[in-house]
Amino acid sequence: MVLHNLFFLVLAAAVYFSLIPLFDNQVRSARGREVTILTHVLASGIPPTRLPAMAAYEYRESPNPLSAVLSMPTATRVFVDQHPGHLQPDPAAPGVLYRKDPARGVYQRLRIPEAFYNRAVARVKFTLFVVLGCIYILAVLVLESIIMPLYVYRPLRSLLDADEATQRGDRARELIGESEILSDEIGQIMRSRNATIAQLRRQEDALERAKRNLEEQDRLASLGLLSASVAHEINTPLAVLQGSIEKLTETIRDPHTLERLSRMTRVAERLRRISESLLDFARTRREHREPLTVRPLLEEAWNLVAIDEKAATAHFLNQVGPEDRVIGDADRLTQVWVNLLRNALNAIKSTGTILVRSWRADRNGHAWLAVSIEDDGPGIPPDALPEIFEAFVSTRLDARGTGLGLTVAEGIIQQHGGTISASNRAEGGARLEVLLPAPGVKAPE
């Protein structure tokens, strides 16, 4: 504020002191022209006393140059005697002019009205000072009340507010709104700042995700060390329990007792699957990959999932083509389908529908097979969708089980060189899509 006010003040002073000398020159030129005109008037032979406005010049004449009326200096008298008809100024009296009329031989004296010119110059100086002062005040008022608040103060205030929000970690207010950004240099700075902050936030988010992944990997590594011993400890008594249940089933005929034994069998099978999930994290299985028909694997996976009582009332539609094949390990892919179908079964209502479809896809000029498992349940919560395949996420689709089903499925699919993704259907429900290489396509290691 101080700098631009000082700038205007210096500019006004420069204009003032530049124009005043020009006006002084114009006044001196006008005075010189007036002297020339008076010379011609006096040389015309017309008595000056008869000319209008001569009283302003205090005109006097006398045949005696030394008279009190003229008070002509000696040097001036010598000059006018030698040069009749010429006007000679009095060096001691500014504005006083002397002349000797060659026709009549009389000496003439007149005074140029210096006060008039002095007043004119003074009026011009005063007027110019007032005008420049008014212009300066008006410019400062317009600048301070309109231009600076609109184009400087408000953008700078927005920048400061955004910076304060950035320091507080308030992401909702750290970016400057597009409506507040003008199309000038400050606006370019604001856009550049927004882009920089957005890029920094993206990098921070990426680092945070990497940090979470590392933490999860640490947890998974710890689980891997523990799971082998836990699975071993579970499998031994579990085998004894399953053998005992089978023996009892062969010897007992009571329907009510048989129903309880059947339920115990399903529970034991569930414990076995949990043990297998833990082993999947503890070691890497040796896989034998070959061309496989997908539809029978899905039927087998559904038969395993159908042990759950809820499967009896659910509708399972297997629309996978009978000739659709992929390259993979049958046991591992069956495990993937079991995990995905179990999640879908848990998501739907008791009479819900699970639909499995397949279609051929092209990736980089090679044939792939896509398989989708869709349900009509409530769908995937939006906040859980980005982390749907991460381990230990409580809101995942497989949260009712071990919490590792989708993580295991993703790992198996990636080992087969494929991809798995999750989304919500427009008509409601979830969709998990698996993409695997078809026969004739070399899967990446």
Side-chain angles (χ1 to χ4, degrees), residues 227-282 294-320 330-356 371 373-380 394-409 412 428-430 432:
S227 60
S229 58
V230 171
H232 176 74
E233 295 297 330
I234 290 178
N235 285 337
T236 301
L238 188 59
V240 175
L241 177 62
Q242 286 181 314
S244 300
I245 294 174
E246 292 174 357
K247 188 67 175 179
L248 289 173
T249 303
E250 294 174 356
T251 59
I252 294 178
R253 296 291 180 267
D254 179 46
H256 183 68
T257 303
L258 288 174
E259 181 181 355
R260 289 188 175 182
L261 291 174
S262 176
R263 187 178 300 111
M264 292 172 65
T265 301
R266 292 196 297 271
V267 171
E269 182 64 22
R270 175 65 174 166
L271 291 174
R272 185 183 63 81
R273 290 197 301 271
I274 293 174
S275 176
E276 290 179 353
S277 296
L278 294 175
L279 286 174
D280 286 333
F281 280 91
V294 178
R295 186 181 180 93
L297 297 180
L298 283 163
E299 294 290 350
E300 179 182 356
W302 178 252
N303 290 334
L304 295 174
V305 174
I307 297 176
D308 194 311
E309 296 178 356
K310 188 177 182 181
T313 57
H315 301 285
F316 174 69
L317 302 178
N318 189 354
Q319 297 182 358
V320 174
D331 291 338
R332 299 287 276 168
L333 290 181
T334 300
Q335 183 180 359
V336 171
W337 306 135
V338 168
N339 288 341
L340 299 185
L341 290 174
R342 184 185 299 120
N343 290 335
L345 182 63
N346 290 333
I348 62 175
K349 297 180 180 179
S350 58
T351 58
T353 300
I354 299 175
L355 172 63
V356 183
V371 180
I373 298 179
E374 305 175 4
D375 63 67
D376 57 358
I380 305 172
S394 61
T395 55
R396 278 195 344 208
L397 299 180
D398 59 352
R400 299 183 186 178
T402 64
L404 300 172
L406 290 179
T407 306
V408 171
I412 295 173
L432 283 97

**Student:** Are the side chains of Trp337 and Leu304 in touch, meaning some heavy atoms are under 4.5 Å apart?
**Tutor:** no
**Student:** Of the non-hydrogen atoms in Met264 and Ile245, which two are nearest, and what is the gap between them?
**Tutor:** CB-CD1, 3.7 Å
**Student:** Do any N or O atoms from the side chain of Ser262 and from the backbone of Leu258 form a donor-acceptor pair under 3.5 angstrom?
**Tutor:** no
**Student:** Quick one: closest heavy-atom pair of Lys349 and Lys310, and the distance?
**Tutor:** O-CE, 3.7 Å
**Student:** Can you find a pair of side-chain heavy atoms, one from Trp302 and one from Ile354, that are under 4.5 Å apart?
**Tutor:** yes
**Student:** Could you check whether any side-chain heavy atom of Ile348 comes within less than 4.5 Å of a side-chain heavy atom of Leu345, counting everything from C-beta outward?
**Tutor:** yes
**Student:** Among all residues two or more places apart in sequence or in another chain, which pass the side-chain contact (heavy atoms from CB on, under 4.5 Å) test with Ser244?
**Tutor:** Val240
**Student:** Which heavy-atom pair separates Thr353 from Asp376 by the least distance, and what is that distance?
**Tutor:** N-OD1, 3.1 Å
**Student:** Using side-chain contact (heavy atoms from CB on, under 4.5 Å) as the criterion, list what pairs up with Glu299, not counting sequence neighbours.
**Tutor:** Arg295, Phe316, Asn318
**Student:** Using a 4.5 Å cut-off on heavy atoms from C-beta on, say whether the side chain of Asn343 contacts that of Asp375.
**Tutor:** no
**Student:** Leu406 versus Asn339: any side-chain heavy-atom pair under 4.5 Å?
**Tutor:** no
**Student:** What closest approach, in Å, do Ala347 and Pro378 show between heavy atoms, and which atom pair accounts for it?
**Tutor:** O-CD, 3.2 Å
